[in-house]
Undergrad: 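Can you read through this structure? Questions will come right after.
Remember, predicted model here, so these are calculated numbers, not experimental data.
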Amino acid sequence: MLRFALAGNPNSGKTTLFNSLTGSTAHVGNWPGVTVDKKEGVYKKADKPIAIIDLPGIYSLSPYTPEEVIARNYVLDEKPDCVINIIDATNLERNLYLTTQIMEIDVPVVLALNMMDAVEKRGDKIDEKELERRLGIPVVKISALKSEGVDKLMERAYEASQTARKGRTVIEDTALKHLISDIQIALDGQGVLNPLFHAVKLAELDELEVLMHKEAVNMVEAFKKTHIDDTFGDDFEALVADARYKYITKYFSPALKRKNKDKFVVTPSDKADKILTHKIWGIPIFLAILFAIFHLTFSENFLFLGGLLPENWVSLKGTAFEGVFGVGGINSPGVTLMRLVELLTGTISDLIAGWLSTSPEWVSGLICDGVLGGIFSILGFLPQILVLFMFFSILEDSGYMARIAFILDRALRKFGLSGRAFLPMIMGFGCSVPAMINTRTLADEKEKLATVRVIPFFSCGAKLPILTAISGAIVASFGVGNVDLITYGMYLVGIITALIAVIIMRKTTLNGNPPPFIMELPAYHAPQFRNLMMLLWDKAKHFIEKAFTIILASTIVIWFVSHFDFAWNFLPDDQMQNSILGGIGQLIQPIFTPLGFGSQLTNMGWVFAVAALTGLIAKENVVSTLGTLAACLVGVAVDVELDGGVLAVTKIMEITKIGLPALLAFIAFNMTTIPCFAAVAAAKSEMPDKSKFKWTLVFWISTSFIVSSAIYLIGTFWWTAFICLAVAFIVALFVRAYDKKVQAKGEK
Amino acid sequence: MIKTLDKFSIGESGRVISVSGERKIKRRLYDMGITNGAEIYLRKKAPLGDPLEVTVRSYELSLRGTEAACVTLEVIPNA
């Protein structure tokens with residue numbers, strides 16, 4: 001099968017073209033060793049099917065970002081039959097800069113001039129015949145959005161792929177030209193493929209090439225001694241880049257006939273920007289948009305209409321759809337979808353439970369609670385994850401995401417992060433899974449890793465029940481504070497933990513300056529429905545795959561250990577304390593002693609250990625486990641659904657005699673420890689490096705122990721606050737000393 | 001008049017004379033079209049005063065003050 005690679009700048013319409021060429025045949029994976037998307041699909045309209053490979057969006061073939069290295073290596077090593085270089089015609093000069101580099105490779109190239117409609121709308125014209133003549137490669141006008149010219153493009157690409165093409169360079173500087181052709185001849189003599197491309201990159205002393213062709217480096221160094229450029233000295237990288245742009249403005253740009261000669265024209269996009277990145281209104285507008293997104297996804301009182309509606313108006317009490325559209329208020333679209341999925345999965349569960357009603361209890365338990373319960377509880381997240389993901393994709397697609405980064409960069413730089421890191425973190429308040437997937441927009445690997453690690457500390461929607469149940473019980477039993485205050489306080493603990501952890505990581509194990517922020521602010525445009533749906537379909541597929549593999553296996557294991565004792569006798573729900581999990585809980589109970597819910601609770605401490613363990617499947621389980629345990633230990637039926645688990649936790653508090661500081665420590669532990677399986681799986685797929693993933697688990701466990709034990713200690717013995725402060729101070733000193741050492745090393 | 005891009009005020013434009021700084025940053029600036037002779041127009045600053053938004057080669061680019069300090073330009077007097 002012929003293979004055509006799609007290359008082009010970010011925001012050039014590459015994804016749209018890819019979707020229009022391949023339809024639903026595309027599948028997404030990761031390039032080996034990195035988490036940059038690898039998309040492949042098939043173009044079926046030709047005589048023979050043609051494979052289309054979507055290379056990452058890049059501005060250059062320099063060796064500084066993983067995307068650039070991937071695109072470059074793909075074209076050089078995998079030798080596609082043709083490279084389709086898609087160009088944003090509204091932005092000809094910068095887009096052609098990449099073209100001048102691709103042209104140096106011995107591969108057939110076809111230029112796709114996209115967004116011509118926008119150019120024509122401005123009254124400008126591009127003479128594509130002229131451009132084709134000057135570039136020496138076929139040029140086809142297309143509209144990726146309307147799928148116009150796409151088949152013509154593929155025809156020309158097919159024609160081009162039938163004959164070999166020799167690389168050509170646009171560098172005209174005579175001295176540099178000599179050096180390049182000398183290296184080219186030397187490399188050609190050694191049988192190196194694509195000698196011209198390598199020769200140009202060697203003249204730039206490109207980091208990757210220098211390692212590959214040591215002998216040629218000597219030629220460059222020798223040449224540099226004799227030749228000093230008037231403007232650039234011996235900075236050949238500058239000389240080459242300058243030569244490319246010079247050539248582009250001289251020969252290619254004239255193909256563009258401008259109607260309006262003004263250099264800086266005010267476009268509708270600029271007008272939108274005037275408001276959206278306004279000096280005063282920029283930040284409030286952003287906060288309002290963020291609030292609207294969370295409201296649409298998670299609110300159970302949509303538009304705050306709850307109080308205005310007659311009772312039972314939306315709840316559809318007594319029908320099959322009871323509660324789907326709301327109870328007191330109207331559910332937001334996100335919650336409605338979730339309730340619909342729950343209705344569906346609930347019906348399936350009931351149906352199967354009905355069939356299994358005559359089978360042994362352990363069989364129905366395994367299938368209904370273990371298998372179905374596990375999968376369904378995870379699938380229950382899917383609608384909200386997708387809705388949240390959809391909104392953030394719209395932000396990304398429309399160009400607003402880049403502006404958010406622009407607005408917030410200054411504030412985040414203090415933590416060693418760039419503006420882009422803000423969104424994934426905030427998304428964490430909704431759900432860690434889409435938040436972790438979103439870290440792909442971070443170019444810097446270390447920044448990305450640090451962000452993925454702290455995302456769980458931004459307490460997600462599923463952790464909220466833990467907060468409300470326990471704070472409710474605290475207020476009821478101890479009569480201190482109020483529920484909201486404790487809840488917000490704990491959210492704050494999570495945020496502060498995240499920020500401190502980021503600073504420490506960025507100064508020690510993941511040290512580095514905030515990554516550069518030289519970033520295009522693309523023109524705003526309406527997001528494309530088809531691209532959006534395909535993206536969501538990919539995410540949903542990926543998530544469901546995960547739910548049916550790792551997550552399913554893990555939930556079955558947890559079900560087994562919580563329903564069997566060590567003698568392999570089946571135990572019903574209310575005897576969970578005798579199960580293997582109960583045994584493990586009792587065994588690991590002592591390690592929670594510094595956190596206040598371990599050995600000091602004597603023979604009841606394992607309750608909290610077990611609840612925390614089941615929280616690894618899904619954080620919702622923490623409260624439901626406490627409910628189950630309360631029921632079997634106290635002997636009172638406790639309906640967790642009824643009051644959000646407040647009564648269950650109150651009962652547990654009575655029998656375990658746990659104190660207030662320990663309860664707060666328990667909340668903090670659940671907030672900062674290893675997140676649910678779905679999030680762990682997401683984190684793992686964002687970290688191709690296995691050791692990084694292991695250290696991430698260690699990081700989560702140790703952070704949760706440090707934070708929770710500090711809360712417990714200070715809460716129980718107030719004077720330990722001084723010890724904690726002293727320890728924190730010493731740690732800060734060490735971190736600072738380490739940072740200085742690293743920086744001193746870096747300066748050498 | 002000659003000054004670095006971070007010293008520009010909003011609405012000013014200039015022609016690039018030289019780009020300095022760390023290799024990686026320099027290369028990124030070149031790749032994004034900030035090469036000698038390119039015209040840059042300082043469009044705005046972010047609400048917190050940094051980064052900057054400039055127009056270069058008829059598109060919008062954002063960069064931090066520290067990165068803008070690497071770019072030296074000859075100011076083009078406003079007509």
Side-chain angles (χ1 to χ4, degrees), chain A residues 58-65 68 88 90-94 97-98 204-205 207 231-232 235 237-238 240-246 248-249 263-265 269-270 273-274 277-283 286 402-403 405-411 413 418-419 514 516-523, chain B residues 5-6 9-72 74 76 78-79:
Chain A
I58 46 169
Y59 295 104
S60 165
L61 293 178
S62 82
Y64 296 118
T65 69
E68 287 168 344
D88 171 1
T90 61
N91 199 340
L92 206 57
E93 283 182 17
R94 201 205 58 222
Y97 177 75
L98 177 66
E204 292 180 339
L205 287 179
E207 283 172 7
T231 18
F232 296 103
D235 184 355
E237 205 167 10
V240 170
D242 189 63
R244 291 188 199 283
Y245 272 112
K246 266 199 189 120
I248 292 168
T249 35
K263 272 179 195 112
F264 307 115
V265 203
S269 175
D270 295 336
D273 228 8
K274 273 225 160 75
T277 58
H278 188 270
K279 211 172 165 161
I280 296 159
W281 298 115
I283 292 176
F286 161 67
R403 271 71 180 191
F406 176 71
I407 292 175
L408 297 171
D409 182 67
R410 177 74 189 266
R413 211 172 324 153
S418 71
F517 196 71
I518 306 166
M519 190 181 77
E520 181 184 4
L521 296 176
Chain B
L5 183 56
D6 59 321
S9 36
I10 293 167
E12 256 188 311
S13 52
R15 191 167 281 120
V16 179
I17 300 177
S18 73
V19 181
S20 60
E22 197 190 317
R23 187 173 177 188
K24 205 172 164 173
I25 301 213
K26 225 163 54 172
R27 177 60 192 252
R28 181 89 178 146
L29 290 170
Y30 295 144
D31 285 345
M32 298 309 280
I34 301 187
T35 56
N36 287 14
E39 276 180 33
I40 299 184
Y41 169 78
L42 181 61
R43 187 177 276 279
K44 68 161 62 165
K45 291 180 178 178
L48 299 172
D50 196 42
L52 319 174
E53 180 180 344
V54 300
T55 305
V56 58
R57 299 190 188 271
S58 65
Y59 79 95
E60 314 307 319
L61 182 75
S62 114
L63 73 174
R64 294 196 184 121
T66 49
E67 291 144 2
C70 300
V71 186
T72 312
E74 161 99 65
I76 301 173
N78 280 331

Undergrad: Which one, A/Thr65, A/Thr90, A/Leu205, A/Asp88, leads in non-hydrogen pairs under 4.5 Å with chain B?
TA: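 Option with the top pair count is A/Leu205.
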Undergrad: In Å, rounded to the nearest 0.5 Å, how long is the span from CD1 of B/Ile25 to CD1 of A/Ile518?
TA: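 Here the rounded value is 5.5 Å.
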Undergrad: Quick one: do B/Thr35 and A/Lys246 satisfy side chain to side chain contact (heavy atoms under 4.5 Å, CB included)? Show the steps, please.
TA: CA-CA 9 Å; B/Thr35 56; A/Lys246 266 199 189 120; over 6 Å; no
Undergrad: At a 4.5 Å cut-off on heavy atoms, which part of A/Ala411 comes close to chain B: side chain, backbone, both, or neither?
TA: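 For A/Ala411, the contact with chain B is made by backbone and side chain together.
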Undergrad: Quick one: CZ on A/Phe406 to NZ on B/Lys44, what's the gap to the nearest 0.5 Å?
TA: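 Reported to 0.5 Å precision, the distance equals 6.5 Å.
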Undergrad: Against B/Arg28, only a single residue in A/Tyr64, A/Tyr59, A/Phe517 fulfils side chain to side chain contact (heavy atoms under 4.5 Å, CB included); can you say which?
TA: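 Passing option: A/Tyr59.
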Undergrad: Give, as side chain, backbone, both or neither, the part of B/Ile34 having an atom under 4.5 angstrom from any heavy atom of chain A.
TA: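 Looking at B/Ile34, nothing touches chain A.
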Undergrad: Would you call A/Asp273-B/Arg43 a salt bridge at under 4.0 Å N-O?
TA: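 No.
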Undergrad: Measuring from atom CG of B/Leu48 to atom CG of A/Leu408, what distance do you get when rounded to the nearest 0.5 angstrom?
TA: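 So the gap between those two atoms works out to 7.5 Å.
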Undergrad: Are any of the side-chain nitrogens in A/Glu237 or B/Arg23 under 4.0 Å away from the carboxylate oxygens of its partner?
TA: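 Answer for the salt bridge query: yes.
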Undergrad: In terms of heavy-atom pairs under 4.5 Å, which option from A/Glu93, A/Arg410, A/Arg94 contacts chain B the most?
TA: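 Top count of heavy-atom pairs under 4.5 Å with chain B: A/Arg94.
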Undergrad: Return the minimal non-hydrogen interatomic distance between A/Tyr245 and B/Asp31, and the atom names on each side.
TA: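 Between these two residues, the closest heavy atoms are OH-O, 3.1 Å.
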Undergrad: Quick check for you: among B/Leu63, B/Ile17, B/Asp50, which has the greatest number of heavy-atom pairs under 4.5 Å with chain A?
TA: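 Top count of heavy-atom pairs under 4.5 Å with chain A: B/Asp50.
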Undergrad: Do you know which of A/Lys279, A/Met519, A/Glu207 has the most heavy-atom pairs with chain B at a distance under 4.5 angstrom?
TA: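 Top count of heavy-atom pairs under 4.5 Å with chain B: A/Met519.
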Undergrad: Measuring from atom CZ of B/Arg27 to atom CG of A/Asp235, what distance do you get when rounded to the nearest 0.5 angstrom?
TA: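 So the CZ of B/Arg27 and the CG of A/Asp235 are separated by 10.0 Å.
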Undergrad: Quick one: of B/Gly37, B/Gly65, B/Gly49, B/Pro51, who has the most non-hydrogen atom pairs under 4.5 Å with chain A?
TA: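 Top option by heavy-atom pairs under 4.5 Å: B/Pro51.
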Undergrad: Taking the six-membered ring of A/Tyr97 (Phe, Tyr or Trp), confirm whether the NZ or CZ of B/Arg57 is under 6.0 Å from its centre and within 45° of its axis.
TA: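 No cation-pi geometry.
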Undergrad: Which answer fits A/Lys274, side chain, backbone, both or neither, if we ask what part of it has an atom under 4.5 Å from a heavy atom of chain B?
TA: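 Only the backbone of A/Lys274 comes within 4.5 Å of chain B.
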Undergrad: Less than 4.5 Å to any heavy atom of chain B: does that hold for the side chain of A/Arg244, its backbone, both, or neither?
TA: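 Contact with chain B involves no heavy atom of A/Arg244 at all.
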Undergrad: Could you tell me the separation between the CD atom of B/Glu53 and the OG1 atom of A/Thr277, rounded to the nearest 0.5 Å?
TA: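 Rounded to the nearest 0.5 Å, the CD-OG1 separation comes out at 5.5 Å.
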